[in-house]
J.: 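I'd like to ask some things about the structure below.
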Amino acid sequence: MNFKSKKDIWLAVSIWGVIILMFFMMITEQNIVVYIVGILNNALLLWLWFGTSYKIDDENLIVKNGPFKSTIDIKSIKKLRATKTLLAGPALSIDRIEIQYKRYDSVIVSPKEKNKFIESLLSKNKSIKVDDKLYPDN
């Protein structure tokens with residue numbers, strides 16, 4: 001099952017603002033270094049914007065964030081916790097879930113369909129503890 005990242009407007013403005021600024025600089029500066037930096041910068045930002053997703057298969061949670069990919073054994077997940085941290089992570093929204101797994105590892109994600117994402121993980125590992133704040137209706 002695939003889940004896209006939720007995307008906040010403030011991050012959209014930031015990322016697309018930098019892309020437009022770099023594109024403008026590439027047009028006005030006409031310098032090879034600016035072209036190279038601009039192309040690489042914009043390619044990475046676009047890849048992050050369109051390539052951030054989370055896939056749950058039979059045994060693993062696969063977190064993709066542009067060129068970065070990590071695989072987490074669902075059986076190793078201990079806890080899901082609501083967080084609003086701005087720490088860097090494969091999340092394009094401030095509405096985030098911290099996934100604690102193994103002994104001290106964690107990753108921060110922001111699935112668009114948060115409840116469906118949580119239920120999908122719980123269907124694979126019923127021993128995952130879920131923070132009450134992840135269910136605002138309760």
Side-chain angles (χ1 to χ4, degrees):
M1 186 167 251
N2 287 310
F3 296 90
K4 296 211 177 279
S5 178
K6 183 176 180 181
K7 297 174 180 175
D8 284 348
I9 190 72
W10 68 272
L11 195 58
V13 169
S14 299
I15 288 176
W16 287 98
V18 170
I19 289 171
I20 291 166
L21 179 65
M22 287 303 298
F23 185 71
F24 180 74
M25 286 177 61
M26 290 166 55
I27 291 171
T28 59
E29 292 296 321
Q30 297 185 355
N31 178 327
I32 190 71
V33 174
V34 173
Y35 287 149
I36 293 169
V37 170
I39 289 169
L40 292 174
N41 178 73
N42 286 356
L44 178 62
L45 289 176
L46 288 168
W47 198 355
L48 292 171
W49 184 255
F50 292 109
T52 299
S53 65
Y54 322 105
K55 180 180 178 183
I56 298 174
D57 65 19
D58 290 336
E59 299 176 0
N60 297 306
L61 167 62
I62 301 158
V63 178
K64 291 183 183 177
N65 189 15
F68 311 106
K69 178 180 160 185
S70 57
T71 302
I72 300 165
D73 180 2
I74 294 173
K75 297 292 181 197
S76 73
I77 297 175
K78 306 223 181 294
K79 186 176 183 181
L80 303 178
R81 185 177 74 86
T83 184
K84 301 274 187 197
T85 183
L86 293 177
L87 290 175
L92 300 175
S93 170
I94 192 108
D95 185 16
R96 298 172 170 199
I97 300 172
E98 180 182 4
I99 299 173
Q100 297 172 354
Y101 63 102
K102 293 187 182 174
R103 190 166 182 151
Y104 299 110
D105 293 330
S106 70
V107 65
I108 297 169
V109 298
S110 62
K112 194 175 202 175
E113 300 174 278
K114 188 169 32 173
N115 289 341
K116 196 172 178 183
F117 178 81
I118 293 167
E119 294 304 322
S120 185
L121 285 175
L122 288 173
S123 73
K124 310 285 183 188
N125 180 356
K126 296 188 184 343
S127 67
I128 297 173
K129 293 178 184 162
V130 181
D131 184 357
D132 288 340
K133 293 177 187 172
L134 287 173
Y135 292 112
D137 299 336
N138 293 344

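Nothing fancy with the numbering, it's 1 onward along the sequence. As the structure is a computational prediction, the values presented were derived from the model and not from experiment.
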J.: Closest heavy-atom contact between Asn42 and Phe23?
T.: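 Heavy atoms only, the tightest pair is ND2-N, 4.0 Å.
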
J.: Nearest 0.5 Å please: distance from the CD1 atom of Ile128 over to the NZ atom of Lys75.
T.: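 Interatomic distance, Ile128 CD1 to Lys75 NZ, rounded to 0.5 Å: 8.5 Å.
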
J.: Measuring from atom NZ of Lys78 to atom CD of Gln100, what distance do you get when rounded to the nearest 0.5 angstrom?
T.: 10.0 Å

J.: With Thr28, which residues qualify under side chain to side chain donor-acceptor pair (under 3.5 Å), at least two apart?
T.: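 Not a single residue meets the side chain to side chain donor-acceptor pair (under 3.5 Å) criterion with Thr28.
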
J.: Measure the OG-CG distance between Ser120 and Asn2 for me, rounded to the nearest 0.5 Å.
T.: 10.0 Å

J.: Looking at CG of Asn41 and CE of Met26, how far apart are the two atoms once the value is rounded to the nearest 0.5 Å?
T.: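 CE of Met26 is found 9.5 Å from CG of Asn41.
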
J.: Using side chain to side chain contact (heavy atoms under 4.5 Å, CB included) as the criterion, list what pairs up with Ile36, not counting sequence neighbours.
T.: Ile32, Leu40

J.: Sequence neighbours left out, what passes side chain to side chain donor-acceptor pair (under 3.5 Å) with Asn65? Give chain and number order.
T.: Thr52

J.: List the atom of Trp49, the atom of Lys7, and the distance in Å for their closest heavy-atom pair.
T.: O-NZ, 3.1 Å

J.: Between Asp58 and Lys124, is the side chain to side chain contact (heavy atoms under 4.5 Å, CB included) condition met? List the steps.
T.: CA-CA 7 Å; Asp58 290 336; Lys124 310 285 183 188; 3.9 Å; yes

J.: Answer yes or no: is there a side-chain heavy-atom contact under 4.5 Å between Thr83 and Lys133?
T.: no

J.: Using every non-hydrogen atom in the two residues, find where Asn125 and Ile77 come nearest and quote the distance to one decimal.
T.: ND2-O, 3.3 Å

J.: Looking at side-chain heavy atoms only, is the closest gap between Phe117 and Ile56 below 4.5 Å?
T.: yes

J.: Got Pro67 and Trp47 here, is their nearest side-chain heavy-atom distance under 4.5 Å?
T.: yes

J.: Going by heavy atoms in the side chains, are Thr71 and Leu61 under 4.5 Å from each other?
T.: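 They are not in contact (no side-chain heavy atoms under 4.5 Å apart), so the answer is no.
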
J.: Should Ser70 and Ile62 count as side-chain neighbours, where that means a heavy-atom distance under 4.5 Å?
T.: no

J.: Considering non-hydrogen atoms only, spot the tightest contact between Ser5 and Ser110 and give its length.
T.: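 Nearest pair, atom of Ser5 first, then Ser110: OG-OG, 2.8 Å.
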
J.: Are there over 12 heavy-atom neighbours, none belonging to Lys112, within less than 6.0 Å of that residue's NZ?
T.: no

J.: Among all residues two or more places apart in sequence or in another chain, which pass the side chain to side chain donor-acceptor pair (under 3.5 Å) test with Asp95?
T.: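 With neighbours one apart ignored, the set is Lys6, Lys114.
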
J.: Which atom pairs, donor and acceptor, lie under 3.5 Å between side-chain atoms of residues 8-20 and protein residues at least two apart or in another chain?
T.:
residue	atom	partner	partner atom	Å
Asp8	OD1	Ser93	OG	2.9
Asp8	OD2	Trp10	NE1	3.1
Asp8	OD2	Ser93	OG	3.1
Asp8	OD2	Ile94	N	2.6
Ser14	OG	Trp10	O	2.9

J.: My understanding is that only residues two or more places apart in sequence, or in another chain, count here; which of them pass side chain to side chain donor-acceptor pair (under 3.5 Å) with Lys64?
T.: none

J.: How long is the gap from CD on Glu98 to NZ on Lys79, to the nearest 0.5 Å?
T.: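 NZ of Lys79 is found 8.5 Å from CD of Glu98.
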
J.: Does the side chain of Pro111 reach to within under 4.5 Å of the side chain of Ile97, using non-hydrogen atoms?
T.: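 They are in contact (side-chain heavy atoms under 4.5 Å apart), so the answer is yes.
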
J.: Please answer whether the main-chain N or O of Val107 pairs with a side-chain N or O of Tyr101 as donor and acceptor at a distance below 3.5 Å.
T.: no

J.: Compare every heavy atom of Ala91 with every heavy atom of Tyr54, then report the nearest pair and how far apart it is.
T.: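 Looking at all heavy atoms of both residues, the closest pair is OH-CA, 3.7 Å.
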
J.: Could you see if Ile27 belongs to whatever hydrophobic cluster contains Phe24? Use Ile, Leu, Val, Met, Phe, Trp, Tyr and a side-chain cutoff under 4.5 Å.
T.: no

J.: Evaluate Val63 against Ile99 for side chain to side chain contact (heavy atoms under 4.5 Å, CB included), listing each step before the verdict.
T.: CA-CA 11 Å; Val63 178; Ile99 299 173; 5.8 Å; no

J.: Can you confirm whether Ile72 sits close enough to Asp105 that some side-chain heavy atom of one is under 4.5 Å from a side-chain heavy atom of the other?
T.: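 No. Closest side-chain heavy atoms not under 4.5 Å.
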
J.: Which distance, rounded to the nearest 0.5 Å, do you find between the NZ of Lys69 and the OG of Ser53?
T.: 10.0 Å

